[in-house]
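Heads up: the structure comes next, in structure tokens.
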Amino acid sequence: MVEEGEGELLAWHDPDEHRKWVERNKFRTLKDKRMDLREAVKRYVKNGCYIAFGGFGHVRVPMAAVYEIIRQKKKDLIVGGKTGVHDTDLLMASGCASKVEVAYCFGHELRGLSPASRRAVEKGKVKVASEWSNAAFQWRLEAAALGLPFMPVRVLLGTDTFKRSSSKVVKDPFSGKRICLVPACYPDVAILHVHRCDIYGNSQIDGILVMDFELARAARRLIVTTEEIVEEEEIRKRPDRTVIPFFLVDAVVEVPYGSHPCHMPYLYYFDEEHIGEWLKLSKTDEGVEQYLDKYVYGVKDFVEYLNLVGGVKKLNYLKKLEKLQVRLEAPWMER
Amino acid sequence: MVEEGEGELLAWHDPDEHRKWVERNKFRTLKDKRMDLREAVKRYVKNGCYIAFGGFGHVRVPMAAVYEIIRQKKKDLIVGGKTGVHDTDLLMASGCASKVEVAYCFGHELRGLSPASRRAVEKGKVKVASEWSNAAFQWRLEAAALGLPFMPVRVLLGTDTFKRSSSKVVKDPFSGKRICLVPACYPDVAILHVHRCDIYGNSQIDGILVMDFELARAARRLIVTTEEIVEEEEIRKRPDRTVIPFFLVDAVVEVPYGSHPCHMPYLYYFDEEHIGEWLKLSKTDEGVEQYLDKYVYGVKDFVEYLNLVGGVKKLNYLKKLEKLQVRLEAPWMER
Amino acid sequence: MERDKGGFSTIELMACAASKMLKDNRSVLVGTGLPIIAASLAQKTHAPHLLIIFEAGGVGPQLPTLPISVGDSRTFYKAVMATSMNYVMSFLQAGYADYGFLGAAQIDMYGNINTTVIGDIDKPKVRLPGSGGANDAGSLAWKTIIIMRQDKKRFVKKVDFITTPGYLTGPGEREKAGLPEDTGPYRVITQLGVMGFDEETKRMKLLSLHPGVTVKEVVENTSFELIIPEKIPQTPSPTEKELKVLREEIDPAGIVLKRK
Amino acid sequence: MERDKGGFSTIELMACAASKMLKDNRSVLVGTGLPIIAASLAQKTHAPHLLIIFEAGGVGPQLPTLPISVGDSRTFYKAVMATSMNYVMSFLQAGYADYGFLGAAQIDMYGNINTTVIGDIDKPKVRLPGSGGANDAGSLAWKTIIIMRQDKKRFVKKVDFITTPGYLTGPGEREKAGLPEDTGPYRVITQLGVMGFDEETKRMKLLSLHPGVTVKEVVENTSFELIIPEKIPQTPSPTEKELKVLREEIDPAGIVLKRK
């Protein structure tokens with residue numbers, strides 16, 4: 001070994017230990033895994049666990065599940081911030097997360113920085129355990145998906161990002177050159193939002209997969225939230241469309257619009273009004289409380305939340321927006 | 001390094017050297033790449049080059065291209081025998097190949113061993129450069145697809161297969177355990193048969209991908225033979241169905257039934273009669289000559305070959321067989 | 001193999017014996033031939049939730065007929081997923097494959113397997129196909145089951161080439177080599193009986209004799225010292241139901257069951 | 001940035017300058033904002049075969065409107081391929097990405113970039129988003145183009161944190177660190193001018209001044225010693241055609257071009 005990052009090594013397991021966990025805990029039983037969000041989060045999101053979410057930025061993020069985690073006041077979550085935007089921002093703002101691994105966090109892309117999670121980190125309420133790049137994080141998930149201890153990569157090298165990661169640099173015995181080894185990342189639980197799945201969890205995603213193909217295999221427990229549940233027959237008709245096979249899945253939760261205010265490709269676009277409201281309110285701790293009281297603690301479930309954010313009219317607008325039938329309006333465009 | 005295989009290291013490049021090759025030789029120009037098989041093979045399959053084929057066993061193998069290679073009497077090919085069955089058997093039998101890397105060769109699965117290529121190896125006409133497993137070979141292609149010098153794997157370890165490979169064993173700095181590093185395999189040229197593509201090479205494959213997703217990226221030059229050429233628009237309608245993007249592709253050749261006598265999932269099944277004829281004839285060198293004279297040298301193109309093997313009637317039967325509408329008959333079932 | 005007096009053939013007996021080893025709610029990586037037949041039989045009898053996986057990418061198919069190749073469209077007919085070898089092999093490596101089936105040209109007392117060459121690798125007497133997916137299954141599946149013919153040339157003191165790892169040179173050697181822990185050969189099924197491996201020494205051990213077969217016959221067809229326990233049960237004969245399923249549902253054309 | 005006397009805004013000038021750097025028949029990894037605008041402009045002018053790639057998986061889209069996020073469905077609208085980050089990043093690693101666009105909070109004279117933190121990483125004054133795909137593009141793309149604001153707090157002697165590698169501490173250092181050969185920062189585009197890197201020393205060098213900007217202004221807004229050649233051309237003003245394409249086709253709503 002030539003060099004070693006000083007970041008905290010999290011969510012890593014010796015591959016043999018992980019194999020044994022899989023052997024003892026994951027079964028190929030074709031059983032109905034439907035449950036409600038409350039139950040799924042209660043059962044699989046434990047205080048202190050390492051959690052990662054599907055999607056990217058504000059795209060295909062399982063927001064209904066994120067709200068439910070906050071509603072259940074989970075504590076000390078360690079969040080895999082693999083381009084974690086709205087999800088990680090809310091979890092840090094709400095006090096659910098106490099640690100984060102960062103590839104990209106604290107920002108909302110074009111919309112600007114995240115006041116709440118920045119505050120949480122700057123005040124020391126949330127600790128950054130390590131730094132990564134998007135590709136490095138994603139290759140950590142691939143290493144786990146492949147049951148490996150690490151993946152060799154040609155990024156991070158030479159930077160402080162490497163120094164703050166838990167990677168190692170070694171000499172490649174083939175080329176004689178330095179190469180970076182990123183450790184596998186096996187999240188305790190992952191939550192993904194998909195376009196459709198059957199009651200067993202066989203899932204299809206339309207459009208880009210981002211890192212979900214890898215994440216679904218890397219995670220030990222997997223909750224799938226879905227826009228709709230379809231017949232098993234429909235999945236088996238086109239098996240080459242399956243992105244997640246049932247035996248990886250522990251819970252199936254049907255949540256139409258389950259990514260709101262994020263964007264579900266082909267179905268609905270970003271709700272900029274709502275994201276804007278959050279970005280405005282989250283400038284202060286009081287604003288965060290106000291937001292959570294209204295949209296999370298104050299509603300009994302996701303349907304009530306959807307009504308509160310604008311109901312059918314808003315959802316129809318977001319659908320039209322996705323289909324390019326209306327023009328985008330966004331608070332951040334006004335500036 | 002703990003241990004080192006003594007197999008010949010082939011098709012490996014220093015990743016920096018490969019990157020420079022890519023930068024100089026591969027372009028993103030969206031141009032019509034259609035050409036006939038003769039031209040494609042002439043242009044990209046050079047004597048002495050390292051070649052690999054798509055598909056698996058007798059499934060989705062670009063046989064029309066294999067016949068064309070033999071017709072052009074290419075010499076000293078090094079074949080990546082990543083479950084190379086009918087393709088590698090013919091290339092060794094015809095004298096085109098002089099070296100092979102073996103994961104699985106010399107056999108036709110249930111149909112028995114390959115008399116011709118076994119003879120070629122046993123008589124020393126073809127040299128086995130190295131031994132692999134299927135997974136190891138496929139991870140070599142993945143390493144190349146990722147632009148890496150190697151992939152860590154947990155196979156080969158402890159065996160003579162390892163000793164005859166060009167892999168190395170090192171100590172994993174994370175777990176402290178031994179791990180095998182398989183070198184990247186960058187074939188000089190690969191030929192894949194796909195269900196459909198556009199004139200630029202954007203390709204779709206239905207059903208399993210085997211290792212073609214990796215091979216298409218690992219190879220420096222890529223010939224795609226296709227059952228049909230479709231409009232660019234059709235590809236762009238469902239971009240998540242694209243398995244090979246155009247800029248990887250150097251030549252597009254439309255060859256309906258281009259996998260015969262192999263099997264194209266959803267379209268046509270194995271031609272057991274023809275495979276049986278080959279297995280019978282290839283028991284002797286004379287038989288091989290007879291086969292090649294009749295089906296390769298004796299025909300001017302693939303259409304003439306298709307007529308010779310049974311024409312429309314045979315093709316209709318193979319289609320019905322694939323759709324489970326008729327019963328399978330095969331010479332090897334008679335034994 | 002012909003049908004014997006019991007009303008079943010040895011190959012049918014072997015299929016049933018293999019089938020019984022496969023537990024429900026687990027997964028099995030199969031090849032064509034007897035393994036797929038055994039796995040199908042298990043699904044249709046005691047293990048309805050057994051997941052069948054093919055190395056070329058087929059996961060959990062509803063087989064309409066026996067596949068000829070492990071990449072054949074039958075292997076992903078109405079499947080749960082039609083994916084890639086990378087995906088399937090990654091599952092194996094991550095511990096998701098409970099059983100792997102292998103054939104072998106030679107085997108030694110530690111279950112090391114040769115499917116590469118008879119004679120010297122540089123001057124082969126008989127060149128065999130090589131590993132294929134065998135080394136992968138034998139390295140990564142939790143339990144590997146070997147189906148092969150038993151005779152002195154196949155059950156050898158030292159295999160000509162270790163294609164696929166058994167217990168290598170004895171207990172702990174797999175782990176020392178870096179192979180996944182707690183994996184290795186589980187059963188060897190031949191035309192004579194069923195063998196397992198002694199927990200302590202990892203040496204091959206006779207577990208059951210097929211009806212009509214004697215210990216002497218087994219010993220005479222083995223070139224190494226087999227552990228022979230005092231009491232050796234008989235391999236259970238196929239039940240009526242098993243035979244019916246095998247002959248009428250799984251392989252009505254006799255593609256595998258009626259081959260010699 | 002307001003429209004100046006020349007009839008175009010600084011941001012329009014920057015978009016045009018960036019656009020001209022992109023050669024035809026090559027590929028560019030873009031983020032949202034100015035990079036996607038510059039790449040679109042190149043496609044619609046001198047580089048019709050420029051391939052646009054997004055890190056989340058969109059490859060070669062026919063953008064119907066400006067995407068807001070790099071994972072947005074617009075990034076794979078009528079695309080050549082909608083794939084994964086693994087696939088796209090693998091392309092970068094294998095040498096298929098010619099250009100990568102980056103933003104930066106701080107940059108030093110070797111083009112090392114900070115987007116992680118202002119102040120101490122353990123006691124951040126301002127916590128920034130971190131690398132995202134920046135380290136990847138900066139490590140793997142052949143040429144990285146940085147677009148940022150130029151002032152003394154951003155063009156610094158030493159960045160608070162090297163998020164993304166420039167030339168590190170000088171010539172040969174990238175290669176020594178194990179990064180791909182012949183890669184690195186190519187251009188820095190600011191509101192004042194365009195900078196490149198000296199071939200020999202790898203230090204930042206002024207290449208052109210935007211209309212109306214003086215060398216003095218540039219120097220006053222840079223905390224490190226910039227190489228100033230004797231003759232410094234003016235950054236070409238946008239043409240009528242470029243402005244028309246920018247305003248009417250690429251960003252008619254002014255999502256990026258009219259932002260402050």
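Throughout, protein chains are lettered first and strands after them, A, B, ... in sequence-line order, and every chain is numbered starting at 1.
- When heavy atoms are compared at a cutoff of 4.5 Å, Glu55(C) approaches chain B solely by way of its side chain, counted from C-beta outward.
- Atom-to-atom distance recorded for Ile68(C):CD1 and Glu272(B):CD is 4.5 Å, nearest 0.5 angstrom.
- Between the OH atom in Tyr104(B) and the CG atom in Asn135(C) there is a gap of 15.5 Å [rounded to 0.5 Å].
- Only the side chain of Thr65(C) comes within less than 4.5 Å of a heavy atom in chain B; its backbone stays farther off.
- Listed for the His263(B) side chain is a donor-acceptor partner under 3.5 Å among the backbone atoms of Ser73(C).
- Residue Val88(C): no heavy atom, backbone or side chain, is found under 4.5 Å from chain B.
- When atom types are taken as modelled, the side chain of Gln93(C) and the backbone of Arg154(B) share a donor-acceptor pair closer than 3.5 angstrom.
- Looking only at heavy-atom pairs under 4.5 Å with chain B, the residue among Gly58(C), Ser90(C), Gly71(C), Gly57(C) that has the most is Gly71(C).
- Under a 3.5 Å cut-off, the side chain of Arg127(C) and the backbone N or O of Arg118(B) do not form any donor-acceptor pair.
- Proximity to chain B (any heavy atom under 4.5 Å) is restricted, for Ile121(C), to the side chain, taken from C-beta onward.
- Heavy atoms of Pro124(C) lying under 4.5 Å from chain B belong to its backbone as well as its side chain.
- Neither the backbone nor the side chain of Val117(C) comes within contact range of chain B; no heavy atom of the residue lies under 4.5 Å from a heavy atom of that chain.
- With hydrogens and angles ignored, the 3.5 Å screen pairs a side-chain donor or acceptor of Asp136(C) with a backbone N or O of Ala135(B).
- Using a distance-only test at 3.5 Å, with no hydrogens or angles considered, a donor-acceptor pair links the side chain of Thr161(B) to the main chain of Thr163(C).
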* To do: List the steps, then state whether side chain to side chain contact (heavy atoms under 4.5 Å, CB included) holds for Tyr77(C) with Leu324(B).
  => CA-CA 11 Å; Tyr77(C) 185 83; Leu324(B) 300 161; 3.7 Å; yes
* To do: Check the pair Met85(C), Phe137(B) against side chain to side chain contact (heavy atoms under 4.5 Å, CB included), reporting the backbone distance first and the verdict last.
  => CA-CA 10 Å; Met85(C) 184 180 280; Phe137(B) 210 116; over 6 Å; no
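- The closest donor-acceptor contact from the side chain of Glu131(B) to the backbone of Gly130(C) lies at 3.5 Å or more, if one exists at all.
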